[in-house]
Every structure is written in C-alpha cells, then in structure tokens.
Amino acid sequence: MWSLYLLLMCTAMSCVTGDVISVFGYEGSAVKVPCLYGRGYEDYEKYLCKHDCKVDDDVLIKSKGNNNKYSTNDDKRARTFTVTISDLRLDDAGKYWCGVTKDFTDIYKEVKLNIRPDRCCDRVNKIQSIEEGSVTISCPYDSQSVNKLKFLCRGNRPSTCRQQAVITSSNTQNGRFRLSDDRKSRIFTVTISSLTLKDSGSYLCGVQRISGFDVFSAVELKVKAKLFCLKSYHISGIEGRPVTLQCPNSGQQLDNKKFLCKGDQHNNCTDMMENQTKFKLLNVSSTCFSVIITELEAADAGTYYCGSDSHLRFIKIQLAVVSPNQTSSVAPTSSAEQVTSQPSSHNPVSSQQTSSVSPTSSTEQVTSQPPSHNPDVSLFYILPAVFALLLILTFVLLLVLKYKTRIKQVDGINANVLYSADNNVEMRINDIYELQEDAVYINSSTPNMLSHDNDIYNNVL
C-alpha cells in the first residue's frame, strides 16, 4: 500500500508524520507539499487534488503540468513528487490529496494545509535607546524550546524570519549583534551595539519548531538621535535671593519627567529636584520649563544640567553666587581677568569689599590701593590760587586789547597827514595834539609804553 512507502520527512515548512502530511504556510507566501511514493511508481502519473478527487475539477495539478498557482517537480531518484503552491490565501487551507495513477485504482495520501497571516504579533514590546549606544532585546520562550534554535530577524514577517535572521543561537556573534541564552530563566537576549538611526524598526524573536509554525514575539525598537548639550549659559544670583534657571523640554507631553542636577558631568551629577522646597518647577511648556531656586546660598554655585531627558536634550548652566554686600563684576567668559579697585574715603565699608565674580573657572586677581593723600585738603589750597591767576590774566588781556586799539587809530592819522594835499592840515595837527595828550595819559597808566608813544609823535611831526 501507499502508506508502506511513506517515510518520515521534515522540511523548513512541512513534515510528513504517520498517515497525514501536515504542511504549514503563511498568507501571501508559497509552500511545498511533498508526496512520497514507493519503488516501482517512478513512471506513473502523479497529481494533487482537493475535495473527493472524483471529478476532473478536483485535480489541481498533474506531474506533467504547471500553471501560475501550482508547479511540480518529480524527483524519481528520491521518489518524491513535490507540488509548490504559490500566493497562498487563507481559504487555501484545508484537506488535499497526493495521488498516483495505477491501473484502475489510484493511491492517495492525505495532506493537511495550515495557513496563517504573515504578520506578528498582537502584543509588541516597545524599547528605545540613543544613537551610538546599545540596547538589549529580551526574548522569553517555553520549557519545550530549551534545546531549539533561537534567532532574531528584522521586520514582522514570520514567513521569512528564520531565513533572514541577523543572529542565531548557532552563531552567537555577528558584527554588532550578540546572542546569549539563559536556559535556566528561559530567556535569550540579543544585544545590539553602536546603534544608528537605521536600527529603528520592527524585530521578531523566533524559536524554531520541527513540526508546525515557529514561535515568535515582536519587538519595536526606537533609536533616538544623540542631542547632547544644546548650549550653555552663565548666570549669577545674589545670596539669600531667588534665581530662575531656564531648561529645554524635549517632549510633547507636559507631564514627562524633568531633571535638574549639579555636578561636573551630565551623566554623573546629583539630582536637585528631590528638594521640592528649595528647587521649584514652574512655567512648563512643550519647549521649555523653569526651575526657581528660592534662597541662594554660597554652596549653590557651580555647574548644573537640566532638561527632560538626560540622554537626549539638556543644557549646561554655570551659576555664580554673589554676596549682597559685595560690589561685583560678573564676567560671562572663561578668560583670565584682573580687577583693581580704588576705595572711596566716603564709604569705608565698600572700600574693603570689592570683588570680581566670573561664572566659569577663570583666573582672578583683586588688589586694593590705600589713599596716598587727602583730596579735600589739596582742593582747599589749589582753588584760590587758580582763581587769582585767572583774574590777573584777564586784566592783562584787557590792557593789551586797549593798546592795540590806540595803535590802529594813530596809524590812520599818520597816513592822512603825510598824503593829504587839502587845506585841513591845521585841523589834523590839532588832532595830533589831542592824540599826544592821550598818549601822555596812556604813559601815565603804563610806563613801559612811554618810549614807543614818543616815537609815534615824532614821526607825525
């Protein structure tokens, strides 16, 4: 009989067990149906049929024919007649028969075709990480799969997952992928290192089944761009008073976790938001939020980091704290600075309290110079002397101006006497007598000008 020639055969998607050939396939893919026959039937016609196989319409394909849906291959050496069913649909599932034509009585063997949708799964495990980081995908399995092949593939198509696996338990290291299997806890893990944005997407954890469909669980990985410190700024506050720090908010949801920490490194700093009394959150929007430090202390000075995700989007803040009694100069850069201050005699307190405050770790030097003299005593002697000197200079200037005016008048009369030919000479000489009298008057006022005036008078005559 036909059953005597059937042998146990397992393939990737099918298995012949007992009297029924069970075949498993996914919607949209293809499946191979193996039909074994005994010695002596190599040259007989083989076929695949459905339903009762009593009419010609029930015959789907014969060994010497092919069409778009079905194709055949008869390996006479292996005595296996294989039918490939392409473009599977869910309604293709059901009972089929492998048949061999023999005289008046054909031999049949039952085939059961199982079909599932080519997708997975109803439940998806969502995980996320950052660019250039690493992530571990955990894949649990049952107790019957301890010794089975485990694998991980991209996408969510079970039909091709095992064939396109990026890592398997038989090859635990493949580039950036590494697989480890904890059989005691029945969880195998796949670690992906040096993540890129292209690693985002769907993954399937798979466990092979010798008979039946492989078992899968779905994972959705999201790799976020590495957006370390956006910018930094410096701010100073007065001891005992509040100061407000502005921080970026990377999420669209206003209730995502906010952080403010203090320390030299963003990944190794002390969380300050635990002290809700001193550090208060306010003015939260989709792009930023504020943290107010209610009462500054000298110990609050230092480096802060704040944001809504310590791995993705945060800002660096340098906080300087100034004493309320200090006269301070805040430098926003990190360059070395030197400040020299001169105290005032009118404010003995401020003369002893000068400082230079830089919000970064800059080199600073502050020096004070004591007063070398009393400016009030100096002004007491200088001002009267300056005033007297100004009076003397003004008086001399007036005399010089008056002298120059008289010289111009004399020069004009001298020219008229020498070059005039009219009969008014006598009148002009009288004018010269009057000028002489004026010159005598001037000589009596300014003795140093006497010799010069006499020369003028002699030249006129």
Side-chain angles (χ1 to χ4, degrees), residues 11-14 24-31 87-88 90 114-227 250-253 256-257 309-313:
T11 66
M13 300 301 299
S14 64
F24 303 89
Y26 290 96
E27 183 181 14
S29 62
V31 68
D87 191 22
L88 289 174
L90 293 178
N114 302 275
I115 300 176
R116 285 184 180 180
D118 193 13
R119 60 179 181 271
C120 183
C121 299
D122 295 335
R123 185 176 180 179
V124 179
N125 180 26
K126 295 183 178 181
I127 58 177
Q128 68 177 12
S129 187
I130 62 171
E131 189 178 10
E132 298 182 8
S134 62
V135 68
T136 298
I137 300 175
S138 298
C139 306
Y141 55 86
D142 56 27
S143 58
Q144 297 178 354
S145 303
V146 173
N147 297 319
K148 299 295 191 301
L149 180 72
K150 289 90 176 178
F151 52 93
L152 180 79
C153 67
R154 295 207 61 168
N156 60 355
R157 294 190 60 187
S159 62
T160 59
C161 184
R162 180 151 43 92
Q163 291 78 10
Q164 300 177 358
V166 295
I167 189 74
T168 67
S169 56
S170 61
N171 183 19
T172 59
Q173 185 72 45
N174 183 19
R176 297 183 297 117
F177 296 85
R178 182 174 59 85
L179 185 147
S180 60
D181 187 6
D182 186 351
R183 297 188 176 188
K184 185 176 182 180
S185 60
R186 297 195 301 274
I187 296 176
F188 77 91
T189 59
V190 177
T191 301
I192 310 174
S193 58
S194 301
L195 288 170
T196 67
L197 297 179
K198 294 182 179 180
D199 290 325
S200 297
S202 300
Y203 291 81
L204 290 180
C205 299
V207 178
Q208 184 182 16
R209 286 285 188 269
I210 300 301
S211 176
F213 293 99
D214 291 345
V215 180
F216 296 98
S217 58
V219 176
E220 186 72 22
L221 173 62
K222 183 177 182 180
V223 180
K224 294 184 178 180
K226 184 178 180 181
L227 296 175
S250 61
Q252 296 297 325
Q253 298 180 354
N256 56 353
K257 186 178 180 180
D309 192 322
S310 60
H311 296 291
L312 299 177
R313 188 179 179 91

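Here the side chains of P158 and F213 are not in contact, with every heavy-atom distance at 4.5 Å or above. The side-chain heavy atoms of Y141 and C205, taken from C-beta on, include no pair separated by under 4.5 Å. Looking at R162 and T168, their side chains never come closer than 4.5 Å, going by heavy atoms from C-beta outward.
Taking NZ of K222 as the start and OG of S129 as the end, the distance is 12.5 Å to the nearest 0.5 Å. Going from atom CG of L149 over to atom OG of S170 covers 5.5 Å, rounded to the nearest 0.5 Å. Between the OG1 atom of T189 and the CG atom of L179 there is a distance of 6.5 Å, given to the nearest 0.5 Å. Separation of atoms OG (S202) and NZ (K126) is listed at 10.0 Å; rounding is to 0.5 Å. The line from CD of E220 to CD1 of I137 is 10.5 Å long, rounded to the nearest 0.5 Å. If you take CZ on F177 and OG1 on T191, they are separated by 11.0 Å, rounding to the nearest 0.5 Å.
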Side chain to side chain contact (heavy atoms under 4.5 Å, CB included) assessment of V223 paired with K198: CA-CA 8 Å; V223 180; K198 294 182 179 180; over 6 Å; no
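Annotation for C153 and Q164: closest pair CB-O, 4.0 Å, computed over non-hydrogen atoms. When every heavy atom of D118 is checked against every heavy atom of E27, the shortest pair comes out as CB-O, 3.4 Å. The two residues A30 and L88 have their closest heavy-atom pair at C-CD1, 4.2 Å. Closest of all the heavy-atom pairs between F151 and A165 is CB-CB, 3.9 Å. The two atoms that bring V207 and K148 nearest to each other are CG1-CB, 3.8 Å, heavy atoms only. Residues C120 and F216 share a closest heavy-atom pair of SG-CB, 3.7 Å.
Using a 4.0 Å cut-off between charged nitrogen and carboxylate oxygen, R209 and D142 count as a salt-bridge pair.
For R176 (side chain) and S193 (main-chain N/O), a donor-acceptor pair under 3.5 Å exists by modelled atom type. The main-chain N or O of G175 is found under 3.5 Å from a side-chain atom of Q173 such that the two form a donor-acceptor pair. Side-chain atoms of N174 come within 3.5 Å of backbone N or O of V166 as a donor-acceptor pair.
Looking only at atom types and distance, the side chain of D181 has no donor-acceptor partner in the side chain of S169 under 3.5 Å away.
With respect to V219, the side chain to side chain contact (heavy atoms under 4.5 Å, CB included) criterion is satisfied by exactly one of L152, I127, L204: I127.
Heavy-atom contacts from other residues, nucleotides or ligands closer than 6.0 Å to CZ of R178 number 12 or fewer. Around atom CD of Q144, no more than 12 heavy atoms belonging to other residues, nucleotides or ligands sit under 6.0 Å away.
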